[in-house]
Amino acid sequence: MCTKRSGEIYMKKALFLDRDGVINKEKNYLYKIEDFEFIEGVFETCKYFQNMGYLIFVITNQAGIARGKYSEKDFQILTEWMLKEFEKNGIIISKVYHCPHYPDFSGKCECRKPNPKMILDAKDEFNLNLKASILVGDKNSDIEAGIKAGIEHNYLVLTGHEIIENRFQVTILDNLKEIIKSTIINKGKDLSPKTN
């Protein structure tokens with residue numbers, strides 16, 4: 001997916017979001033709709049970046065599938081419901097990428113974060129400019145995946161897993177909504193962290 005103007009092609013920017021702990025409250029092996037709680041500010045933040053021309057993606061490890069805690073169908077049912085909730089708020093999630101594997105149960109894979117495969121798949125499928133894109137997660141493994149993929153703007157949030165070590169020295173935000181205040185958008189073309 002790209003934008004053409006004056007005979008040139010411009011790659012799209014993206015906002016990559018981990019799911020559990022970023023979009024919704026962290027709950028072990030979440031797969032039931034009734035247990036899914038959106039974190040305050042998620043819709044507002046996604047709408048803001050969507051209006052700035054960003055495509056929005058969800059990239060999530062779902063080890064519960066490999067562990068037998070829930071099925072692929074369970075995950076898809078919850079995902080379809082989640083996407084409809086975003087749509088009700090005027091937000092289009094371009095795609096949800098998930099890894100159903102866990103090394104101890106299904107062997108090693110290329111897609112589980114901190115591997116960057118889900119991000120790189122999105123890049124190839126949607127013609128994304130990863131250098132100008134953003135990733136938000138609640139674990140160092142999210143940040144590592146973003147860095148490996150070539151994303152320069154990576155953020156941790158405190159709404160998910162406890163952050164004991166900021167291994168990659170990225171900006172830590174209270175919640176997803178704080179990213180609006182912590183970034184500078186220049187005519188929708190450039191994004192860089194604020195400096196004080």
Side-chain angles (χ1 to χ4, degrees), residues 12-28 30 35-62 79 82-83 85-86 89-99 112-116 118-119 122-123 128-196:
K12 284 280 190 176
K13 299 172 294 186
L15 174 64
F16 289 95
L17 303 176
D18 179 40
R19 196 193 75 176
D20 302 315
V22 177
I23 292 175
N24 58 276
K25 293 182 180 180
E26 177 69 42
K27 296 180 182 179
N28 285 335
L30 173 65
D35 294 331
F36 193 103
E37 296 182 67
F38 284 99
I39 294 172
E40 184 178 355
V42 168
F43 295 132
E44 179 182 345
T45 305
C46 288
K47 193 65 176 291
Y48 173 84
F49 281 98
Q50 180 174 273
N51 290 342
M52 295 300 298
Y54 286 76
L55 299 183
I56 303 172
F57 298 90
V58 177
I59 48 169
T60 175
N61 288 345
Q62 292 294 318
T79 297
M82 179 188 74
L83 294 177
E85 293 301 303
F86 273 106
N89 286 272
I91 300 158
I92 300 299
I93 303 297
S94 293
K95 189 167 182 175
V96 176
Y97 292 88
H98 78 288
C99 171
R112 180 175 172 80
K113 294 177 289 184
N115 295 324
M118 290 188 282
I119 300 171
K123 173 184 179 291
L128 302 176
N129 180 352
L130 294 182
K131 186 175 181 180
S133 295
I134 308 167
L135 180 142
V136 184
D138 68 328
K139 294 181 179 179
N140 284 303
S141 57
D142 298 317
I143 304 304
E144 185 175 350
I147 292 172
K148 286 180 176 178
I151 295 175
E152 296 187 358
H153 311 291
N154 300 280
Y155 299 86
L156 284 169
V157 289
L158 296 173
T159 48
H161 287 273
E162 181 182 4
I163 301 171
I164 298 174
E165 177 188 8
N166 184 0
R167 191 184 309 159
F168 300 98
Q169 297 300 303
V170 298
T171 300
I172 299 177
L173 307 172
D174 288 337
N175 51 57
L176 184 61
K177 186 178 178 181
E178 288 295 309
I179 195 174
I180 297 176
K181 298 177 181 178
S182 299
T183 58
I184 299 173
I185 306 295
N186 181 21
K187 297 181 180 179
K189 294 182 181 180
D190 183 43
L191 184 150
S192 56
K194 278 186 176 179
T195 56
N196 295 320

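Along the sequence shown, residues are numbered consecutively beginning with 1.
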Practice task
Begin from the C-alpha positions of Ile172 and Leu158 and carry the test side chain to side chain contact (heavy atoms under 4.5 Å, CB included) through to its verdict.
Solution key: CA-CA 7 Å; Ile172 299 177; Leu158 296 173; 3.6 Å; yes
Exercise for the section: Show your working on side chain to side chain contact (heavy atoms under 4.5 Å, CB included) between Phe16 and Ile119 and close with a plain yes or no. Expected result: CA-CA 8 Å; Phe16 289 95; Ile119 300 171; 3.8 Å; yes
Exercise for the section: Take Leu17 and Phe49 through the side chain to side chain contact (heavy atoms under 4.5 Å, CB included) test and state the conclusion after the steps. Expected result: CA-CA 12 Å; Leu17 303 176; Phe49 281 98; over 6 Å; no
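The side-chain heavy atoms of Phe86 and Val58, taken from C-beta on, include no pair separated by under 4.5 Å. The shortest side-chain heavy-atom distance between Leu30 and Arg19 falls under the 4.5 Å cut-off. When side chains are defined from C-beta on, Asp138 does not count as touching Thr159, because their heavy atoms never get closer than 4.5 Å. Annotation: side chain of Val22 is not in contact with side chain of Ile39 (no heavy-atom distance under 4.5 Å). Under the 4.5 Å side-chain criterion, counting only non-hydrogen atoms from C-beta, Asn140 is in contact with Leu156. The shortest distance between side-chain heavy atoms of Met82 and Phe38 falls below 4.5 Å. For the pair Asn89/Cys46, no side-chain contact is recorded, criterion being any heavy-atom separation below 4.5 Å from C-beta on.
Distance check, rounded to the nearest 0.5 Å: CD1 of Ile59 to NZ of Lys95 gives 13.5 Å. Atom-to-atom distance recorded for Leu15:CG and Ile151:CD1 is 9.5 Å, nearest 0.5 angstrom. Residue Arg167 holds its CZ atom at 6.0 Å from CD of Glu144, rounded to the nearest 0.5 Å. Atoms CG and CZ, from Asn154 and Phe168 in turn, are 9.5 Å apart once rounded to the nearest 0.5 Å.
The 12-atom threshold is not exceeded at NZ of Lys131, counting heavy atoms of other residues, nucleotides or ligands nearer than 6.0 Å.
Closest heavy-atom contact between Tyr54 and Ile134: CE2-CD1, 3.9 Å. For the pair Leu135 and Gly146, the tightest heavy-atom approach, listed with the atom from each and the gap, is CD1-CA, 3.9 Å. Here the closest heavy-atom approach between residue Tyr155 and residue Ile179 is recorded as CD1-CD1, 3.7 Å. Across Thr60 and Gln62, no two heavy atoms sit closer than the pair OG1-NE2, 2.7 Å.
Listed by chain and residue number, nothing satisfies the ring pair (Phe, Tyr, Trp, His ring centres under 6.0 Å) test with His161 (two or more places apart in sequence, or in another chain). Every side chain to side chain contact (heavy atoms under 4.5 Å, CB included) that Asn28 has, sequence neighbours left out, goes to Glu26.
When atom types are taken as modelled, the side chain of Asn129 and the backbone of Ser133 share no donor-acceptor pair closer than 3.5 angstrom. Panel note: side chain Glu178, backbone Val157; no donor-acceptor pair is recorded below 3.5 Å. A donor-acceptor distance shorter than 3.5 angstrom exists from the side chain of Asp142 to the backbone of Lys139, with no hydrogens or angles considered. Without hydrogens or angle criteria, Asn61 side chain to Lys113 main chain gives a donor-acceptor distance under 3.5 Å. Counting only distance, with no hydrogens or angles, the side chain of Gln50 and the backbone of Ile56 share no donor-acceptor pair below 3.5 Å. A distance-only check finds no donor-acceptor pair linking the side chain of Lys12 to the backbone of Leu55 [under 3.5 Å].
At a threshold of 4.0 Å, the pair Lys177-Glu40 does not count as salt-bridged, since none of the basic side-chain nitrogens sits closer than that to a carboxylate oxygen.
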